[in-house]
Amino acid sequence: MNQASIYFLMFCAFLVVRDVFSHYLVRPGDGTAIAPEAMLVVYFWTAVALAWLFEWARGGGASIGKHWRRLARDQRLDFVKLGLATWAVYASTIVGFRLIGAPVFNVVEYSAMPLLTVLAGGFLLGERILAGRVVLSLVSVAGVVLIFLARPSGEGTGSWVWGLVCVTASAVLTSYCSAIQKRQVTDGLSPSVVLLFRFPLPALITTVWLLAAKTPIAPKVILPLMIIAAIGVFLPLLLLCFGFMRATLGEFSRYLFLIPILTWLLVPALVQKEQSFLFDWKSVLGASVLLTSFMLAARYESQLEGIGPGRPARK
């Protein structure tokens, strides 16, 4: 197992931790659910602070303005687009969790995203689109359909429609964000600098949202949210940058199958009222299809010839 694989596996694990706890905190129930804008404003500002501290600790200096002036015009534009897309991804994800829950949301999103990530690498970064990756991504669609059919009962039609709108937006924009983040790392920017400029814009947008909605934040939830942000927002994206220094988007795409499987297992295990979803035969079969797709993708990657870390395949 190479270094990129370790980074990508850790990325998936930490992302699932974020999604499981976000699901638990944002889902309406006994009236204690946290508003999406309150959750996101803590997530984003914590990520900004940690990126600044990480860059300062590695000797990159504490001046954000100095780093910004060093960037080329195209890089600055990329960060503006990345910031807007990041806000849209996280907002659609948290709202989607509130509407349909993390298990179904992640199953649909991260089963569609491998193909979208492969295509993003091809069209935005010029990576070679390998037929095997495309085929295995399409195989996962069968698993998506089965798990979707096992959706928990009691959800209103309106919630599902808007939940699927959120899933679609999140999947497309997350693939776009991954491509932009990969391009910035390939251009020689350090992972901490990439994250330092990824999160301020969504943090500012969410702060305006919070103030406009006059949403209060209970002091007792700030520290838990900061911990989740450190483990589930900043850390996985930092690891993703390190992985992108050694692998292509196409190679990364096969690991995304793990996220819906882990979420499918953990959320029902922690939330008793959703355990029926865990044991539904359609969700079990669907998860099995997704896991099989991941294993086949791993075997396919190991058999590819002419692929080095971070380089496209030879023609």
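- The structure places CG of Leu235 at 6.5 Å from CE of Met10, a figure rounded to the nearest 0.5 Å.
- Among all heavy-atom pairs drawn from Pro236 and Ile231, the shortest one is CD-O, 3.1 Å.
- For the pair Phe8 and Leu240, the minimum side-chain heavy-atom distance is below 4.5 Å.
- Hydrophobic clustering (side-chain heavy atoms under 4.5 Å, transitive across Ile, Leu, Val, Met, Phe, Trp, Tyr) groups Val194 together with Val80.
- Residues in residues 215-231 take part in these side-chain hydrogen bond (donor to acceptor under 3.5 Å, both in side chains) pairs, two or more places apart or across chains: Glu37-Thr215.
- Although no hydrogens or angles enter the test, the distance criterion places a donor-acceptor pair under 3.5 Å between the side chain of Ser22 and the main chain of Arg18.
- Considering all non-hydrogen atoms of both residues, Val16 and Ile259 come closest at CG2-O, 3.8 Å.
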* Passes side-chain contact (heavy atoms from CB on, under 4.5 Å), Thr86 versus Tyr90? Steps please. -> CA-CA 6 Å; Thr86 297; Tyr90 278 84; 3.8 Å; yes

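- In this structure the side chain of Pro36 reaches within 4.5 angstrom of the side chain of Trp209, judged on heavy atoms.
- The backbone N or O of Leu196 sits nowhere less than 3.5 Å from a side-chain atom of Glu55 that would complete a donor-acceptor pair.
- For the atom pair CD of Gln75 and CG of Asp187, the computed distance is 5.5 Å after rounding to the nearest 0.5 Å.
- Cys177 is listed as a side-chain neighbour of Leu82, based on a closest heavy-atom distance under 4.5 Å.
- A search for ring pair (Phe, Tyr, Trp, His ring centres under 6.0 Å) contacts involving Phe234 returns nothing, not counting sequence neighbours.
- Between the Ser92 side chain and the Val89 main chain, a donor and an acceptor come within less than 3.5 Å of each other.
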* To do: Check step by step if side-chain contact (heavy atoms from CB on, under 4.5 Å) holds for Leu84 and Ile205.
  => CA-CA 9 Å; Leu84 292 172; Ile205 294 173; 3.8 Å; yes

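- The line from CD1 of Ile222 to OG1 of Thr46 is 9.5 Å long, rounded to the nearest 0.5 Å.
- Under the 4.5 Å side-chain criterion, counting only non-hydrogen atoms from C-beta, Ser175 is not in contact with Leu119.
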* To do: Begin with the C-alpha distance, continue with both residues' side-chain angles, and end with the deciding distance and a verdict on side-chain contact (heavy atoms from CB on, under 4.5 Å) for Ser178 and Phe244.
  => CA-CA 9 Å; Ser178 295; Phe244 281 160; 4.2 Å; yes

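- Here the side chain of Arg183 pairs no donor or acceptor atom with the backbone of Leu125 at under 3.5 angstrom.
- How far NE2 of His23 is from CD1 of Ile100: 11.0 Å, rounded to the nearest 0.5 Å.
- Under the 3.5 Å distance criterion, the side-chain polar atoms of Arg98 are left unmatched by any main-chain donor or acceptor of Gly163.
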* **Derivation and outcome, side-chain contact (heavy atoms from CB on, under 4.5 Å), residues Leu201 and Trp87** => CA-CA 8 Å; Leu201 184 55; Trp87 178 83; over 6 Å; no

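- Using a 4.5 Å heavy-atom cutoff, the side chains of Leu189 and Phe197 are not in contact.
- Residues Trp45 and Thr206 bring no donor and acceptor atom of their side chains to less than 3.5 Å of each other.
- Relative ring orientation between Phe252 and Phe11 is described as perpendicular, the plane-to-plane angle rising above 60° on a 0-90° scale split at 30° and 60°.
- For Gln184 (side chain) and Asp78 (main-chain N/O), no donor-acceptor pair under 3.5 Å exists by modelled atom type.
- Residues Leu9 and Ile6 share a single hydrophobic cluster, defined by chaining ILVMFWY side chains whose heavy atoms lie under 4.5 Å apart.
- Considering CG of Leu225 and CD1 of Ile34, their distance stands at 4.5 Å, rounded to 0.5 Å.
- The side-chain heavy atoms of Phe105 and Ser170, taken from C-beta on, include a pair separated by under 4.5 Å.
- Closest non-hydrogen pair, Arg198 versus Leu237, comes out as NH1-CD2, 3.7 Å.
- A donor-acceptor contact shorter than 3.5 Å is absent between the side chain of Gln3 and the backbone of Arg246.
- Note on Leu173: it does not cluster hydrophobically with Leu77, by side-chain heavy-atom contacts below 4.5 Å among ILVMFWY residues.
- Pairing each heavy atom of Ile228 with each of Tyr43, the nearest pair is CG2-OH, 3.3 Å.
- Scanning both residues, Ala179 and Ala120, for their nearest heavy atoms gives CB-CB, 4.2 Å.
- How far CG of Leu99 is from CD1 of Ile94: 11.5 Å, rounded to the nearest 0.5 Å.
- The shortest distance between side-chain heavy atoms of Val233 and Phe199 falls below 4.5 Å.
- Classification of the Phe79-Trp68 ring pair by plane angle, with boundaries at 30° and 60°, yields tilted.
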